[in-house]
Amino acid sequence: RSLNLSVTLTPAPPQVNSMTTVCQYTQGVCIAASGVYPFLWYEYPSGGIGNTATPVFNTSLPGIFHYYVSQHNNECESERSIITIRVISKPDLGADKDLKICYGNVANLQSLFNLSTLQSTWTQNNLPINDISNINQTGVYQLVVSNSFGCKDTTKISVTLLPEVIANAGNDANAVQNEPIQLHGSGGSTYLWSPSYDLNNANYSNPIATLSESTLFVLTVYDHYGCSDQDTVNITVFKGADIFIPSAFTPNGDGLNDVIKPTLIGIPKMELFSIYNRYGNLIFETHDAGKGWNGFYRGMKQPEGNYVYIIKAIDQHGKLQIKKGTLLLLH
């Protein structure tokens, strides 16, 4: 009696790269092995049922991951080789940013990110920027960072330099003591007047002030982005309604005291302002409180000397007020 034995050699373990290091979200990471026979893939170093399909590796999560592979010749299976893949966290700069800069200010783009452990490169229009702590121009800036493993992230910062905010608190004005006067602010979308205690609402653009003494108001205006500017207006308070006019003026073209006109205190409407020469001739007349005489009549400069004026106005109670006097013209 005889016995014939057939001995099949056990295949050697597949050849693999024992350690592969990749960055998070890397595409197309290949899990590969080389050998003579078909492969069986496992999740564990022993036990379980092998899969003939090569596993697809997902790099979305950082960490260390193991795969096991053997080869078989239908009768015998080799020992399993281990494949280790290390996934390194990718730097995360977040979404692209849209940054607004108030006129006259600068932005430090470095302060928007924590770059202490990263290598960083800043560019604009593909040109490197060495100092990004003093940005004051509209443009798109790009930041590329990498960690010690070479994993990178990129973001863009769109910088917009906003238009200048210009506060206007109105012209200096006169008011009667304890009589309301309206302030006239402009230049912003929100407003703040200071001091506020004599105003009906310090957040109105045109609040009503009732003053017992002369006051310098500071107006701060803000646009929709919080950018601001300030202006001041001085309100001089008089004890009662009156009409003031200088006793002299010098229309010599130097820009100082070249025009003479009345100042109405607590009087809302001027009916007439007229000036006569020494011969009683009417040489100037206006119904507009904002206009005055420049020392000319019919295009000719008038001589030095005294002139008579008459002012008619309607006071806050609707009564006619008339003021007469003389003024001195000096060259």
Hey, any chance Leu112 and Val145 share a hydrophobic cluster, counting ILVMFWY side chains that come within less than 4.5 Å of each other, even indirectly? yes
Kindly give the cluster partners of Ile311, where membership spreads through any ILVMFWY side chain lying under 4.5 Å from a current member. Ile243, Ile245, Phe249, Ile260, Leu264, Ile267, Met270, Phe273, Ile275, Ile283, Phe284, Trp293, Tyr297, Tyr307, Tyr309, Leu327, Leu329
With side chain to side chain contact (heavy atoms under 4.5 Å, CB included) as the criterion, how do Leu143 and Leu109 come out once you've worked through the C-alpha distance, each side chain's angles and the decisive distance to 0.1 Å? CA-CA 10 Å; Leu143 168 63; Leu109 302 188; over 6 Å; no
Hydrophobic clusters here meaning ILVMFWY residues chained together by side-chain heavy-atom distances under 4.5 Å, can you tell me if Tyr191 and Ile166 are in one? no
Suppose the criterion is salt bridge (charged side-chain N to carboxylate O under 4.0 Å, His left out): which pairs have a residue in residues 20-49, not counting sequence neighbours? none
Output, in order, the C-alpha distance, side-chain angles, deciding distance and verdict of side chain to side chain donor-acceptor pair (under 3.5 Å) for Thr286 and Asp288. CA-CA 5 Å; Thr286 183; Asp288 187 346; 5.6 Å; no
Identify the two heavy atoms, one from Ala241 and one from Gly266, that lie closest to each other, and give their separation to 0.1 Å. CB-O, 4.1 Å
Heavy-atom nearest pair, Ala53 first then Asn51, reads N-OD1, 2.9 Å
Side chain of Arg80, backbone of Tyr44: donor and acceptor closer than 3.5 Å? yes
Report the distance from atom CD1 of Ile101 to atom OG1 of Thr138, rounding to the nearest 0.5 Å. 7.5 Å
Quick one: does Ile235's side chain get under 4.5 Å of Leu183's, heavy atoms only? yes
Pairwise distance CG(Leu162) to NE2(His224) - rounded to 0.5 angstrom: 11.5 Å
Counting N and O atoms only, with roles assigned by atom type, does the side chain of Asn168 sit under 3.5 Å from a partner on the main chain of Gly170, one being a donor and the other an acceptor? yes
Would you call the rings of Tyr67 and Phe57 parallel, tilted or perpendicular if under 30° counts as parallel and over 60° as perpendicular? perpendicular
Interatomic distance, CD1@Ile132 vs CD@Gln110, rounded to 0.5 Å, equals 4.0 Å
Sub-4.5 Å side-chain heavy-atom contact between Ile64 and Thr84: yes
Are Ile83 and Tyr42 connected in a single hydrophobic cluster, I mean Ile/Leu/Val/Met/Phe/Trp/Tyr linked by side-chain heavy atoms less than 4.5 Å apart? no
Please determine whether residues Trp193 and Tyr204 belong to a single hydrophobic cluster, defined as Ile, Leu, Val, Met, Phe, Trp and Tyr linked transitively by side-chain heavy-atom distances below 4.5 Å. no
Has the side chain of Gln230 got a donor or acceptor atom that lies under 3.5 Å from a matching backbone atom of Val218? no
Could you check whether any side-chain heavy atom of Tyr103 comes within less than 4.5 Å of a side-chain heavy atom of Val165, counting everything from C-beta outward? no
Are a donor atom and an acceptor atom from the side chains of Gln182 and Asn206 found within less than 3.5 Å of each other? no
Going hydrophobic residue to hydrophobic residue with side-chain gaps under 4.5 angstrom, can you get from Phe65 over to Phe39? yes
Rounded to the nearest 0.5 Å, the CD atom of Gln124 sits from the CD1 atom of Ile135 at a distance of 7.5 Å
Is a side-chain donor or acceptor of Thr215 paired with a backbone partner of Glu213 at a separation under 3.5 angstrom? yes
Assess the residue pair Lys90 and Asp153 against the criterion (salt bridge (Lys or Arg N to Asp or Glu O under 4.0 Å)); give the C-alpha distance rounded to whole Å, side-chain angles, the decisive distance to 0.1 Å, and a yes or no. CA-CA 7 Å; Lys90 179 177 179 285; Asp153 192 23; 2.7 Å; yes
Atom NE2 of His331 and atom CG of Asn252: how far apart are they, to the nearest 0.5 Å? 9.0 Å
Has Asn147 got a side-chain atom pairing as donor or acceptor with Ser89's backbone, closer than 3.5 angstrom? yes
Out of curiosity, Lys312 NZ to Ile322 CD1, how far, rounded to the nearest 0.5 Å? 5.0 Å
Check whether Thr10 reaches the backbone of Cys76 with its side chain - one donor and one acceptor, N or O, closer than 3.5 Å. no
